[in-house]
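Presented below is the structure to which this report refers.
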There are 2 protein chains.
Amino acid sequence: MTAPSIGNLADLARIAGVSTSTVSRALADSPLISEKTRTRIAELAREHGFQLNQVARNLRLGRTQAIAVVLPLGDESAQHVSDPFIMTLLGFLADALTERGYDLLLTRIVPADDQWLDRLTISGRVDGVIVIGQSDQRAVLDRTAARYLPLVVWGEAGIGQKHCAIGTDNCEGGRLATAHLLGLGRRRIAFLGNPAAPEIGARHAGYLAALADAGITAEPSLLLPLQLGSKAAFGLTRDFLAAHPEIDGIVAASDVAAMGAIRALSEAGRAVPEAVAVIGYDDVPFAAHTTPPLTTIRQDLGKGAELLVAALFERMAGTATPSVAFAPELVLRASA
Amino acid sequence: MTAPSIGNLADLARIAGVSTSTVSRALADSPLISEKTRTRIAELAREHGFQLNQVARNLRLGRTQAIAVVLPLGDESAQHVSDPFIMTLLGFLADALTERGYDLLLTRIVPADDQWLDRLTISGRVDGVIVIGQSDQRAVLDRTAARYLPLVVWGEAGIGQKHCAIGTDNCEGGRLATAHLLGLGRRRIAFLGNPAAPEIGARHAGYLAALADAGITAEPSLLLPLQLGSKAAFGLTRDFLAAHPEIDGIVAASDVAAMGAIRALSEAGRAVPEAVAVIGYDDVPFAAHTTPPLTTIRQDLGKGAELLVAALFERMAGTATPSVAFAPELVLRASA
DNA sequence: GCGATTTCTGCAATCGATTGCAAAATTGAT
DNA sequence: ATCAATTTTGCAATCGATTGCAGAAATCGC
């Protein structure tokens, strides 16, 4: 039978026959402790499987060594969505934070009032906050950002916006997608997605800009304000496409929406990309595996996560960081 | 200009002109505090936007109010995988834990040694641990489970296993999938997935059992031990299918694998499901949107998350819980 | 062998909360 | 007004660590 397991620093100190200060310093490799006692204590710690209590340690050090990652479930999307795009970003964030020795506190929030972010920031549970997606909470984000520095947001950097938003240039992405279809000779190009969301709005603006550049007047009826992730999405898409047989190109605001469109077209017997070219957005992991593989606009989430975390740490160190929008990238596959 | 913001309980006590004990009790709605002071203090707290420091509170109360959710990235899958299946489960877990007032600490681990789980359990950062997927870490899980009660695992309940595993009955799932294809008249059925992983192994066992029941001798060459999430997966699948033109049915160990197979078949000009019926596994969110929509074996992750969390809380309360395997379900769509 | 340095160790305060116990204030009865 | 019973409040210890400062032990010179 092994020795009774050691619960705290004091226990270990008792066993070692020294004070807690000495143990603490020994474990922290303080030069104040002689080589001899240091190794002896390290040995004892290993032997008894002792580890410092991180909570107590962090309390004393006035930090938490944890970052909150918030998924605000705005509006109607109160159902349990699990957008592969968001989840991929989350994975990268987990890696980036772990690498720096921080824990990641995952928080899903249905913003019932406008206090949710304040509650989180002053609860003392985390050293910083990363919000994924602005949803319809820009006002809350702006207000909190004015008071709480270590806050960064994945999303669109709007004008007059007070919080630090990091994301891809969605307007450029929308332009890129649309220009690609135009280059393919398509002229009656639909847009699938709800421009009311900031990111989607920017993509739609890019879509309009590209059309204008090509001298084409945008046809308002070719906009389907699709709620991402909604159950009704596929039905709406099918009906929309049936009502608009003239469409020869589709700019979808997400890969999921593009996938639905491809399926609807396929069921209606219209070939992709021959009859209708479809371009997605995000380049989620499965985009390469659809039939046909999805041409799409790629957002480099590895880079995005790295930028988010880098900005957050700068802010935790006290310096405000600007918003950044980096360029998305056209990924050519087979759907357009 | 508003009053300087209140940092801690003592500050608030000073402002209120009472002791910290009184403030603490007032905020906790203790009956020891008169109605008058209670409301006065509550009012002050709101006014100054004061909130208790949760870290300090939990330290005193000897808990953390946080649960670790671990994604062990076993073997070669050290790349940044983001299996939609795992991510969906994660979302449900986040909801279930939040509902009970617990934080979710997300931890990705590449098991370099066999101490990773011990380090986590004795770090004092969490009150319990949920491990998603056994990967190749069964020994570690068993060892830790013997010492640390509040540990539950999403995965396959193997015989002689010491830890509490909760998951669907993978053998039954594999049987279901295979029996469905057999019912469709298919006879040369391939299995896509690596049986070395516990869950996949069980699905493969079910596949073999179904074939045996139908009086068919399983053909070892019809097994493609595909590494899930690997980059090479698609190429391997294509080559495999090209080498086996006799195949008329595919049981895939995941929806992602099924999707790859459908694409490979489609590129080879073989119709799904007419020439080759394909059935997936998991019923991830996009499974309904592939072309054709995926027939698959559904694992009810909402239920799974609920079971995991329920078992974990029982264990945190001190009672050991048994492993459970609940039934998966055949979802009929168009691919088989 | 003795005092002056240098090296090592320990006491006690601290982080921000909670809580048992005792003291103070209030209330009520006489 | 006095005293007992009751209600309210505060002191101080505690959770498990870290760290400034002071005191003990070891080392050194002569």
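Here is the naming used below: chain letters follow the sequence lines, and residue numbers restart at 1 for every chain. For the numbers below, each heavy atom of this structure counts, side chains included, while hydrogens, waters and symmetry mates do not.
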To the nearest angstrom, the NZ-P distance between A:K36 and D:dA25 comes to 14 Å

Would you kindly say whether A:T64 and A:N58 are connected by a side-chain donor-acceptor distance under 3.5 Å? no

**Message:** Would you say B:S19 places a side-chain N or O within less than 4.0 Å of OP1 or OP2 belonging to D:dT9?
**Reply:** no

* Please determine, by modelled atom types, if B:Q161 and B:R138 share a side-chain donor-acceptor pair under 3.5 angstrom. => yes

query: Would a 4.5 Å heavy-atom cut-off, applied to side chains only, mark A:R147 and A:T121 as touching?
result: yes

Looking only at D:dT8, C:dA17, C:dT9, the nucleotide nearest the B:R60 side chain is C:dA17

Would you classify A:V55 as touching base, sugar-phosphate or nothing, given that sugar-phosphate means primed atoms plus P, OP1 and OP2, and contacts are heavy atoms under 4.0 Å? nothing

B:L9 atom CG is separated from D:dG10 atom C1', nearest whole Å, by 14 Å

Between A:K303 and A:E306, does any NZ, NE, NH1 or NH2 come within less than 4.0 Å of an OD or OE carboxylate oxygen?
no

Rounded to whole Å, the CZ-P distance (B:R14 to D:dT9) equals 19 Å

A:T37 side-chain N/O to C:dT9 phosphate OP1/OP2 under 4.0 Å
yes

Here the distance between atom C1' of D:dT9 and atom CG of B:L12, to the nearest Å, is 16 Å

Report task. Please check the phosphate of C:dG10 (OP1 and OP2 only) for any side-chain N or O of A:S21 closer than 4.0 Å. Result -> no

When rounded to whole Å, the CD to C1' distance for the pair B:Q54 and C:dC15 reads 15 Å

Judged by nearest nucleotide, the residue sitting upstream toward the 5' end of DNA chain D, B:L59 or B:L32, is B:L32

Exercise for the section: Give a yes/no on whether any side-chain N or O of B:T20 is located under 4.0 angstrom from OP1 or OP2 of C:dG16. Expected result: no

- prompt: Between B:E314 and B:T321, is any side-chain donor less than 3.5 angstrom from a side-chain acceptor?
  reply: no

From CZ of A:F50 across to C1' of D:dA17 the rounded distance in Å is 9 Å

OP1 or OP2 of C:dT18 under 4.0 Å from side-chain N/O of B:S24:
yes

Rounded to whole Å, the CD1-C1' distance (A:I33 to D:dA25) equals 14 Å

- Message: Tell me whether the side-chain N/O atoms of A:R25 come closer than 4.0 Å to OP1 or OP2 in D:dT18.
- Response: no

Quick note, B:N53 side chain, CB onward, closest among C:dT9, C:dA17, D:dT8 is C:dA17

From CG of A:L61 across to P of D:dG16 the rounded distance in Å is 16 Å

